[in-house]
Q: 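Quick one: the structure is below, and I'll ask about it shortly.
As the structure is a prediction and not an experimental result, all values here were calculated from the model.
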Amino acid sequence: MCGIVGIVGKSSVNQTIYDSLTVLQHRGQDAAGIVTVDVNAFRLRKANGLVKDVFEPKHMQRLQGNAGIGHVRYPTAGSSSASEAQPFYVNSPFGISLAHNGNLTNTTELAASLLSKRRHINTTSDSEILLNLLADELQETRSLTLSADEVFDAVSKVHAQTRGAYAVTAMIIGQGLVAFRDPFGIRPLVLGKHETASGTEYMVASESVALDAVGFEVMRDVAPGEAIYVTLDGQLFTRQCAVNPSYSPCIFEFVYFARPDSTIDNISVYGSRVNMGTKLGEKIKKEWDEHDIDVVIPIPETSCDVALEIARSMDLPYRQGFVKNRYIGRTFIMPGQQERKKSVRRKLNAINAEFKGKNVLLVDDSIVRGTTSEQIIEMARDAGAKKVYFASAAPEIRFPNVYGIDMPTTNELIAHGRDADEIAKIIGADGIIFQDLTDLIEAVRMENPEIKRFETSVFDGHYITNDVDQAYLDHIMQLRNDDAKANRNKDIGTNLEMHNECHP
């Protein structure tokens, strides 16, 4: 999962992009990058690390220009190397830079097609493939100035070739900003504007909160399959560029990834999480009618709204039993299992008085690998809890995700092939309860009944792009498991050391 931003402004946009990326930091902590266009040249800064660490004053001073794009990243199929940080760029035609959130499911086929056209792919990132696809289609234009029709025709041809999930923002030197969303709308993209004395500025971003933070007004979500084109002089054009688009946004955005103060596809993330708590509280009362729970405690922060509603519906005390170190990253999106393990106790500390002698219900947004849950339950017992029950706002995650979330292999998923009792035993809980998938869907749909379907493959194994089979799942397992990533990053590190020795 990544965060993207694109702006065409009336004055320098470097600070605006930086500020937007800081509020999208939750979507990726591995790397960050900004490209601006200044006097028909790209100004680029990207590196591994958090936004605040990647961009120093000297970098910001160089990132001049009234238009640009930005990206925060965490790796799925690719490595954690800085070489895979975004945005990417190509010099021809015009000069195009691109940032992408999501994951393509036919990268092997696309890479071979591009190679046959003498387009070289330099990284393992599917974002670079998207960039070259767009560049290849725009190569067909003959004019020095792109028309909106030419841009939209190119995007239509990209849609026709690609499968999977993608929200894209791209900058074309001398032309403008292009943004588009996959035909299912799996990954989010929001359009906004800001009125100035010099005219209207336009912005796209992964979440509405990025627009809020910099004073832009949310206009609407970019529709599935739709493309946005904003010329450098501020003209806005839009067009539906996909055949038979249909809304199927990723439901895990609302469970975990998105900030609660965001609205995505006219769905309040906060409201959907409150609804999740109501649904799960009703299920707990029904299935654990003779429970001995004394207190409800959230595992901060995503589950706090869910836990509060569970406590309200069950007429139980709600307490903050864990204090979070806000300077430690989100363990779910850390690139390696060892890093995830080491970070849990650095991230959370228990308030002993809230656990001692009590039967506690811990509430989390979801359980993926189970490692974090196991350690948190152990912390609760160390703090003096008599019994520790566990509630998940999401159903059991039993299947790999192929659309940009780092849940790639079945053997990393604790719920795959196991029932609730087996999961409870592994993580050390006295009891465990999961949200029903129908209830989760209804909890999110309550905020926007016009959305009829969500992307829910991690729960039910149904991949809406209809191109995912066991052979593909086996392929990505080889690419994306933690051991493969560790070996890939080790190889890259060795290559970089050799390069530095040859070129001091």
Side-chain angles (χ1 to χ4, degrees), residues 254-256 271-324 344 348-398 414-415 418-444 446 459:
F254 305 96
V255 172
Y256 177 82
S272 65
R273 289 176 184 166
V274 170
N275 297 338
M276 292 175 207
T278 301
K279 296 285 187 182
L280 188 52
E282 292 171 354
K283 180 178 180 180
I284 294 172
K285 286 192 295 183
K286 179 180 178 181
E287 297 192 5
W288 292 356
D289 58 333
E290 296 182 0
H291 68 80
D292 56 355
I293 299 168
D294 297 316
V295 63
V296 178
I297 295 177
I299 298 170
E301 294 178 326
T302 316
S303 64
C304 291
D305 302 324
V306 177
L308 183 59
E309 190 61 20
I310 290 173
R312 186 204 61 77
S313 66
M314 296 183 66
D315 196 24
L316 287 171
Y318 169 89
R319 294 290 186 268
Q320 293 284 349
F322 295 102
V323 175
K324 181 179 181 181
V344 175
L348 295 177
N349 191 46
I351 302 173
N352 289 3
E354 297 301 332
F355 291 93
K356 190 172 183 179
K358 299 177 182 178
N359 299 329
V360 301
L361 174 64
L362 300 182
V363 180
D364 207 351
D365 48 72
S366 58
I367 303 177
V368 182
R369 297 166 176 86
T371 306
T372 299
S373 304
E374 180 182 3
Q375 293 182 66
I376 289 173
I377 289 171
E378 183 181 323
M379 289 171 64
R381 295 196 189 280
D382 291 344
K386 290 194 302 183
K387 291 183 180 179
V388 182
Y389 300 101
F390 206 97
S392 169
E396 298 93 326
I397 296 172
R398 301 189 186 278
I414 192 172
R418 298 186 178 99
D419 61 23
D421 289 340
E422 291 172 312
I423 296 168
K425 184 176 180 180
I426 291 171
I427 66 175
D430 292 289
I432 193 168
I433 193 164
F434 291 89
Q435 185 90 261
D436 291 333
L437 180 55
T438 53
D439 284 345
L440 174 61
I441 293 171
E442 180 60 24
V444 182
M446 287 169 66
F459 306 120

Q: Check L440 against P395 and note the closest heavy-atom contact, atom names and distance.
A: CD2-CD, 3.5 Å
Q: Does anything in residues 293-316 pair up under ring pair (Phe, Tyr, Trp, His ring centres under 6.0 Å), and if so which pairs, sequence neighbours excluded?
A: none
Q: When rounded to the nearest 0.5 angstrom, what is the spacing between CD1 in I414 and CD1 in I427?
A: 6.0 Å
Q: Do L348 and K324 come close enough that some side-chain heavy atom pair is under 4.5 Å?
A: yes
Q: What pairs with A394 under side chain to side chain contact (heavy atoms under 4.5 Å, CB included), at least two apart in sequence or on another chain?
A: V255, S366, S392, F459
Q: Is it true that a side-chain atom of R273 and a backbone atom of F254 form a donor plus acceptor pair closer than 3.5 Å?
A: yes
Q: So which pairs with a foot in residues 298-320 pass ring pair (Phe, Tyr, Trp, His ring centres under 6.0 Å), sequence neighbours left out?
A: none
Q: Quick one: salt bridge (Lys or Arg N to Asp or Glu O under 4.0 Å) pairs with a partner in residues 419-442, sequence neighbours left out?
A: K283-D436, R381-D430, E442-R445
Q: Rounded to the nearest 0.5 Å, how far apart are CG of D365 and SG of C304?
A: 10.0 Å
Q: Within a strict 4.5 Å, meaning less than it, do heavy atoms of the L362 and I377 side chains meet?
A: yes
Q: If the condition is side-chain hydrogen bond (donor to acceptor under 3.5 Å, both in side chains), which residues does N275 pass it with, not counting sequence neighbours?
A: E447
Q: Can you confirm whether H291 sits close enough to L316 that some side-chain heavy atom of one is under 4.5 Å from a side-chain heavy atom of the other?
A: yes
Q: R312: which residues meet the side chain to side chain contact (heavy atoms under 4.5 Å, CB included) condition with it, sequence neighbours left out?
A: E309
Q: Enumerate the residue pairs fulfilling salt bridge (Lys or Arg N to Asp or Glu O under 4.0 Å) with a member in residues 289-298, sequence neighbours excluded, ordered by first and then second residue.
A: D292-K387
Q: What distance separates D382 CG from I376 CD1, expressed to the nearest 0.5 Å?
A: 12.5 Å
Q: According to the ring pair (Phe, Tyr, Trp, His ring centres under 6.0 Å) rule, which pairs have a member within residues 353-393, sequence neighbours left out?
A: W288-Y389, F322-F355
Q: How long is the gap from NZ on K279 to CD1 on I441, to the nearest 0.5 Å?
A: 11.5 Å
Q: What residues, two or more places apart in sequence or in another chain, satisfy side-chain hydrogen bond (donor to acceptor under 3.5 Å, both in side chains) together with E282?
A: none
Q: Taking side chain as C-beta onward, heavy atoms only, is I299 less than 4.5 Å from T372?
A: no
Q: Name all residues meeting the side chain to side chain contact (heavy atoms under 4.5 Å, CB included) criterion together with A415; count only those two or more places apart in sequence or in a different chain, and write none if there are none.
A: E396, R398, I423
Q: What is the distance from atom CD of E301 to atom CD of Q320, rounded to the nearest 0.5 Å?
A: 9.0 Å
Q: As an exercise, state the distance from CD1 of I310 to NZ of K285, rounded to the nearest 0.5 Å.
A: 11.0 Å
Q: Answer whether the closest heavy-atom distance between the side chains of I351 and R319 falls below 4.5 Å.
A: no
Q: Please examine the side chains of T278 and S313, heavy atoms only from C-beta on, and report whether any two atoms are closer than 4.5 Å.
A: no
Q: Taking the side chain as every heavy atom from C-beta outward, state whether I432 and I367 have any atom pair closer than 4.5 Å.
A: yes
